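All heavy atoms count here, side chains included; hydrogens, waters and symmetry mates do not. Reminder, nothing fancy here: chain letters follow the sequence lines and each chain counts from 1. The structure displayed is predicted, hence computed values, not measured ones.
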Protein chains: 2
Amino acid sequence: MTQNAGKDSGAQTGEAMDLGAMTGSLGFLLRLSQLKSFDTFFHEMKGLEIRPGEISVLMLLDRNPGIRQGVLARALMIKRAHMTKMVHAMEGAGLVCRTVPDADRRSVQLWLTDAGRARLETVQGPFLAFENRNTSGLSDADEAMLKTLLRRYLGLDRPNA
Amino acid sequence: MTQNAGKDSGAQTGEAMDLGAMTGSLGFLLRLSQLKSFDTFFHEMKGLEIRPGEISVLMLLDRNPGIRQGVLARALMIKRAHMTKMVHAMEGAGLVCRTVPDADRRSVQLWLTDAGRARLETVQGPFLAFENRNTSGLSDADEAMLKTLLRRYLGLDRPNA
DNA sequence: TATTGTTATACTCTATAACTATA
DNA sequence: TATAGTTATAGAGTATAACAATA
C-alpha cells in the first residue's frame with residue numbers, strides 16, 4: 001500500500017529507539033549479542049576465510065578424535081541432517097575422515113585428517129589470540145563474569161561436558 | 001570415503017565431550033545460549049504461532065510508532081534488504097502499514113494497524129509472562145546479572161537506546 | 001521397535017550488488 | 001555524491017519427514 005503521510009503525527013525520524021520491555025528479554029539480548037559477536041569475529045578474523053562453525057568443529061575434533069557424528073551435532077545444537085551436510089562438505093575439502101566402528105555399525109566416527117590438522121594449525125593461533133584480546137568492550141572482570149554465567153546457563157559449569 | 005575401522009583407537013563412543021578452549025569463547029557461548037533460549041521460547045510459546053522476530057517488531061513498533069524502516073533494521077541488526085521482505089510480509093498480513101514522510105520522501109515510516117495492535121494484545125501477555133517466569137535455570141540474581149552484562153556488552157546500559 | 005545417519009524438500013535467514021527515487 | 005528502500009540472486013542454516021542399515 002505505502003500511503004503518503006501528509007501529517008507527521010507522533011513520528012520520530014531520528015536514530016534513537018525505545019526498546020521497551022525487550023531489554024528485559026534474555027532471548028532478545030542473546031540474539032543481538034550473538035549477532036554482534038559474529039560481526040566482531042568476521043572483522044577480526046578477516047582474511048583467514050574461516051567461519052565460526054568450521055573452527056569449532058576443527059577444535060572439537062582435535063580434542064575428541066573419533067567422536068560420533070550425532071554426539072557432535074548434539075553438542076553444537078544442530079540437527080543431524082544438517083551435520084551430515086557439514087561433515088560431507090568438510091570431507092570433500094579433505095579436512096575430516098569418517099569411519100564406521102564395529103561396535104555400532106550404524107554410527108560414524110569423525111577424525112581430523114593431516115590436512116585438517118594443518119588447517120587447524122593455521123587458524124587456531126589467530127583465533128585464540130582474538131579470544132584473548134578481549135574485543136567485547138567489557139572490563140576483563142565483566143567479560144569473565146559474562147562467560148561464567150553463560151556456561152552456567154548452558155550447564156557447562158559442572159565437570160560434565 | 002567412509003572407511004571401515006577395524007581397530008578402535010582413541011575413540012570415545014559415549015556422550016561426554018571435551019569442549020576444550022571453546023568454553024572460553026564468548027562467541028561460542030553466545031551461539032549456544034541463543035539456540036537454547038530460542039528452543040525455550042518455542043517450547044513455552046507453543047500454540048501462539050509467533051516467532052521471536054515478529055514479536056520484537058510488534059513490540060518495538062508499538063513503542064516507536066512511525067519509526068523509519070532502516071532505524072528498525074539497525075536496532076535489530078538485520079540487513080535492509082531482509083527488513084524489506086519482513087515488513088512486506090507483515091503488511092501483507094495486515095499487521096503494519098507504511099507511510100512516506102514529506103520530510104524525506106526516500107524513507108518509509110512504520111505503524112501498527114488495528115489488527116497489528118490486536119495481534120500484539122494476544123501475544124504480549126503470554127510473552128511477558130514467559131519472560132517473568134525465569135525459565136533459564138539460573139537463580140534470579142544470576143539471570144539479572146546476565147541480562148545486565150549483555151545490555152552492557154550491547155551498549156544498552158546508557159540512556160541511549 | 002528404536003537409533004544412526006542419509007536424502008529430499010521447503011522455508012527462513014543472510015550477503016551482495018544493481019537499481020530507483022530522492023536528498 | 002550519498003542515502004533509503006527495493007529487487008534479484010545465491011548461499012547458508014534450519015525443520016521435517018521418509019528411508020536404509022543396524023541395534
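- Comparing A:His82 and A:Phe42 by the nucleotide of DNA chain C whose heavy atom lies nearest to each, the residue mapping closer to the 5' end is A:His82.
- Put simply, CG on A:Leu72 is 13 Å from C1' on C:dG5, counting in whole angstrom units.
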Let me see the working for B:Thr99 and B:Trp111 under side chain to side chain contact (heavy atoms under 4.5 Å, CB included), right down to the final yes or no.
CA-CA 8 Å; B:Thr99 62; B:Trp111 317 79; 2.8 Å; yes
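- Between the NZ atom of A:Lys36 and the C1' atom of C:dT14 there is a distance of 20 Å, rounded to whole Å.
- A straight line from CZ of A:Arg105 to P of C:dG5 spans 13 Å, rounded to a whole angstrom.
- In this structure, A:Glu54 atom CD and D:dG13 atom P are separated by 10 Å, rounded to whole Å.
- Between the side chain of A:Ser107 and the main chain of A:Arg68, no donor-acceptor pair closer than 3.5 Å is present.
- Across the interface with DNA chain C, nearest-nucleotide mapping of B:Ile78 and A:Ala81 shows A:Ala81 to be the residue nearer the 5′ end.
- To the nearest angstrom, P of C:dA15 lies 14 Å from CE of B:Met83.
- With rounding to the nearest 0.5 angstrom, the CD atom of B:Glu54 is 10.0 Å from the CD atom of B:Glu49.
- Contact annotation: B:Lys79 reaches the phosphate of C:dA15 (side-chain N/O to OP1 or OP2, under 4.0 Å).
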All N/O donor-acceptor pairs, side-chain side in residues 71-80 of chain B, below 3.5 Å, sequence neighbours left out:
{"from": "B:Arg74", "atom 1": "NE", "to": "A:Glu15", "atom 2": "OE1", "distance (Å)": "3.3"}
{"from": "B:Arg74", "atom 1": "NH2", "to": "A:Glu15", "atom 2": "OE1", "distance (Å)": "3.3"}
{"from": "B:Arg74", "atom 1": "NH2", "to": "A:Glu15", "atom 2": "OE2", "distance (Å)": "2.9"}

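- Donor-acceptor pairing under 3.5 Å, judged by distance alone, is present between the side chain of A:Lys85 and the base of D:dT14.
- For D:dT6, one of the phosphate oxygens OP1 or OP2 lies less than 4.0 angstrom from a side-chain nitrogen or oxygen of B:His88.
- At the phosphate of D:dT6, OP1 or OP2 sits under 4.0 Å from a side-chain N or O atom of B:Thr84.
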If you restrict it to nitrogen or oxygen atoms, what contacts under 3.5 Å exist between nucleotides 2-4 of chain C and the protein, and what is each distance?
{"from": "C:dT3", "atom 1": "O4'", "to": "A:Arg106", "atom 2": "NH1", "distance (Å)": "3.2"}
{"from": "C:dT3", "atom 1": "O2", "to": "A:Arg106", "atom 2": "NH1", "distance (Å)": "2.9"}

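- In this entry the distance linking CZ of B:Arg98 with C1' of C:dA21 reads 14 Å, nearest Å.
- Between the side chain of B:Asp142 and the backbone N or O of B:Leu138, no donor-acceptor pair lies under 3.5 Å.
- Rounded to a whole Å, the NZ atom of A:Lys46 is 15 Å from the P atom of C:dA15.
- In this structure, the side chain of A:Arg31 does not engage the main chain of B:Gln34 through any donor-acceptor pair within 3.5 Å.
- The distance from atom CD of A:Glu91 to atom P of C:dG5 is 14 Å, rounded to the nearest whole Å.
- You'll find the side chain of B:Phe41 stays beyond 4.5 Å of the side chain of B:Thr135, heavy atoms only.
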